[in-house]
Chemist: 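This is the structure, below, for whatever I ask next.
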Number of protein chains: 2
Amino acid sequence: MRISTKGRYALRLMLDLAIHNTGEYISLKDISARQGITVKYLEQIVTGLTRAGFLRSQRGNSGGYRLSRKPEDYTVGEILRAMEGSLEPIACLDDEVNLCPRSSECLTLPFWKGLSDVIRKYVDGTTLQDLVDTSEEAGADSYSI
Amino acid sequence: MRISTKGRYALRLMLDLAIHNTGEYISLKDISARQGITVKYLEQIVTGLTRAGFLRSQRGNSGGYRLSRKPEDYTVGEILRAMEGSLEPIACLDDEVNLCPRSSECLTLPFWKGLSDVIRKYVDGTTLQDLVDTSEEAGADSYSI
DNA sequence: CCAAACTCCTACTATACTGATAGGTAATGA
DNA sequence: TCATTACCTATCAGTATAGTAGGAGTTTGG
């Protein structure tokens, strides 16, 4: 039941861009310095986010990335799904294809559906802006992000 | 974010024993036939559950397993944790040891704690008896467990 | 009493996933 | 033009997953 580093780092990257959301492009080098994640690994993560349409990129000197929407228009759920593929606790819940032949008589399936629901409600009920807000509440000075 | 087969099968095994909770010992062979899981794999799963004190076992002819408590006295959470080790979405939340050096300034940590909370509330708020009840509501005949 | 029916224990294996690192190409701005 | 940046593909060690396999010890029904 673990979120991979890609999912966790993607969230930190997006949050970093949300906090430094000036309209300018932010380089991975800068994000790397702040987040302590290598540029090379960030590249892999950012690829997924750009392909999902979450980021705009600019090549060349003084290039980088910026958010393509406002922070309040991203849910944490969609960011995590872009990296993790699925947040469902069991494959049966992903789609019809993975539905197992026992599903109609499976006594544990309703439990898993319920778990899926509480997870989905939570992650899709939290926006990137919500995370920015909690950081400001806590006092921006104490954070080095 | 997937629950492993061990966790899923453990829940099915416990639920099978809860439904056939006559006081008699139930053999893995019987459970295997009902659940479609090999006896050899069930052995591995049942070992963890027995060590956790969830089951009583009886060796030899007409031996098997039975629940050591009443179905309403098991939470699904503790059953899953016995097999999965931890249900925390990130290692930082497991214990002090795994806490990363950035934790005090980590802007995403409160989010992960919140996710951990909704998961924990759900899985520890559901008992084995709850799963038995939903099966009875749905009509016992339609289920072959 | 003994053989069948069980649990119990340890080892092994193939496959996939994770968490990276590495090297090179293409675009851009000063 | 050249330093800086995004972009692309490949590789790799380590770990976890989802089992399979073979046997040893225990109990009881016949």
Side-chain angles (χ1 to χ4, degrees), chain A residues 1-13 17 24-33 35-68 80 83-87 89-92 94 98 100, chain B residues 1-13 17 24-33 35-52 54-66 68 80 83-87 89-92 94 98 100:
Chain A
M1 269 297 270
R2 285 279 158 87
I3 293 283
S4 70
T5 55
K6 294 214 174 168
R8 289 191 287 121
Y9 291 177
L11 191 56
R12 284 168 59 188
L13 188 154
L17 288 176
E24 307 252 297
Y25 288 97
I26 312 288
S27 70
L28 291 185
K29 195 181 160 193
D30 289 356
I31 299 173
S32 171
Q35 298 296 330
I37 305 167
T38 65
V39 169
K40 280 298 184 184
Y41 202 28
L42 282 175
E43 281 182 357
Q44 283 185 36
I45 291 155
V46 95
T47 297
L49 297 169
T50 305
R51 283 192 184 143
F54 296 165
L55 300 176
R56 294 295 166 80
S57 66
Q58 174 70 42
R59 286 179 154 204
N61 202 338
S62 78
Y65 300 88
R66 62 177 173 81
L67 299 183
S68 49
L80 294 179
M83 300 309 297
E84 302 276 318
S86 161
L87 296 180
I90 60 173
C92 306
D94 269 350
N98 289 320
C100 91
Chain B
M1 271 295 273
R2 286 277 158 86
I3 293 283
S4 71
T5 55
K6 291 213 176 170
R8 289 192 286 120
Y9 291 177
L11 191 56
R12 284 168 61 188
L13 187 154
L17 288 177
E24 307 252 298
Y25 288 96
I26 311 289
S27 71
L28 291 185
K29 195 182 161 193
D30 288 355
I31 299 172
S32 171
Q35 298 295 331
I37 306 166
T38 64
V39 169
K40 281 296 182 184
Y41 202 28
L42 282 175
E43 282 181 357
Q44 284 186 33
I45 290 154
V46 95
T47 298
L49 296 169
T50 305
R51 284 193 184 142
F54 295 166
L55 301 176
R56 295 294 165 79
S57 66
Q58 174 70 42
R59 287 181 151 203
N61 202 339
S62 78
Y65 300 87
R66 62 176 172 81
S68 50
L80 294 179
M83 300 309 296
E84 302 276 319
S86 161
L87 296 180
I90 60 174
C92 306
D94 268 351
N98 289 322
C100 91

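Convention: sequence-line order gives letters A, B, ...; per-chain numbering from 1.
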Chemist: Please report the closest heavy-atom contact between A/Ser68 and A/Gly53, naming both atoms and the distance.
Modeler: OG-O, 2.8 Å
Chemist: Measure CD1/A/Ile45 against C1'/D/dC7 and give the value in whole Å, please.
Modeler: 15 Å
Chemist: Nearest heavy-atom pair of A/Ser32 and A/Ile37: which atoms, and what distance?
Modeler: OG-O, 2.6 Å
Chemist: Which atom pair, heavy atoms only, marks the closest approach of A/Met1 to B/Glu84?
Modeler: N-OE1, 4.2 Å
Chemist: With rounding to the nearest 0.5 angstrom, report the CD1 to OG1 distance, A/Ile90 to B/Thr5.
Modeler: 12.0 Å
Chemist: Quick one: is B/Tyr9 getting a side-chain N or O under 4.0 Å of the D/dG19 phosphate, OP1 or OP2?
Modeler: yes
Chemist: Can you see which heavy atom on A/Met83 is nearest to which on A/Lys6, and at what distance?
Modeler: CG-O, 3.8 Å
Chemist: Atom CG in B/Leu55, atom CD1 in B/Ile26: separation rounded to 0.5 Å?
Modeler: 11.5 Å
Chemist: Using five base pairs at each end, measure the axis-to-axis angle across the helix from C/dC1-D/dG30 to C/dA30-D/dT1 and round it to 10 degrees.
Modeler: 10°
Chemist: Whole angstroms only, please: what is the CG-C1' distance between A/Leu55 and D/dC7?
Modeler: 14 Å
Chemist: Do the side chains of A/Ile31 and A/Val46 get nearer than 4.5 Å, heavy atoms only?
Modeler: no
Chemist: Could you check if a side-chain atom of A/Arg2 sits within less than 4.5 angstrom of a side-chain atom of B/Ser86, using non-hydrogen atoms only?
Modeler: yes
Chemist: Under 4.0 Å between any heavy atoms, over every strand shown, what does A/Tyr25 touch: base, sugar-phosphate, or nothing? Just pick one.
Modeler: nothing
Chemist: To the nearest 0.5 Å, what is the distance between CD1 on A/Ile45 and OG1 on A/Thr50?
Modeler: 11.5 Å
Chemist: Got a second to check how far B/Leu17's CG is from B/Phe54's CZ, nearest 0.5 Å?
Modeler: 13.0 Å
Chemist: Of all nucleotides in DNA chain C that come within under 4.0 Å of a heavy atom of chain A, which is furthest toward the 5' end and which toward the 3' end?
Modeler: C/dG19 to C/dG29
Chemist: What's the CE-P distance between B/Met83 and D/dG19, to the nearest Å?
Modeler: 13 Å
Chemist: Sugar-phosphate atoms are those with a prime plus P, OP1 and OP2; base atoms are the rest. Using that split, label each nucleotide of nucleotides 20-30 of chain D B, S or - for protein heavy atoms under 4.0 Å, 5' to 3'.
Modeler: BBBB-BBBB--
Chemist: Roughly how far apart are A/Asp30 CG and A/Tyr25 OH, rounded to 0.5 Å?
Modeler: 15.5 Å
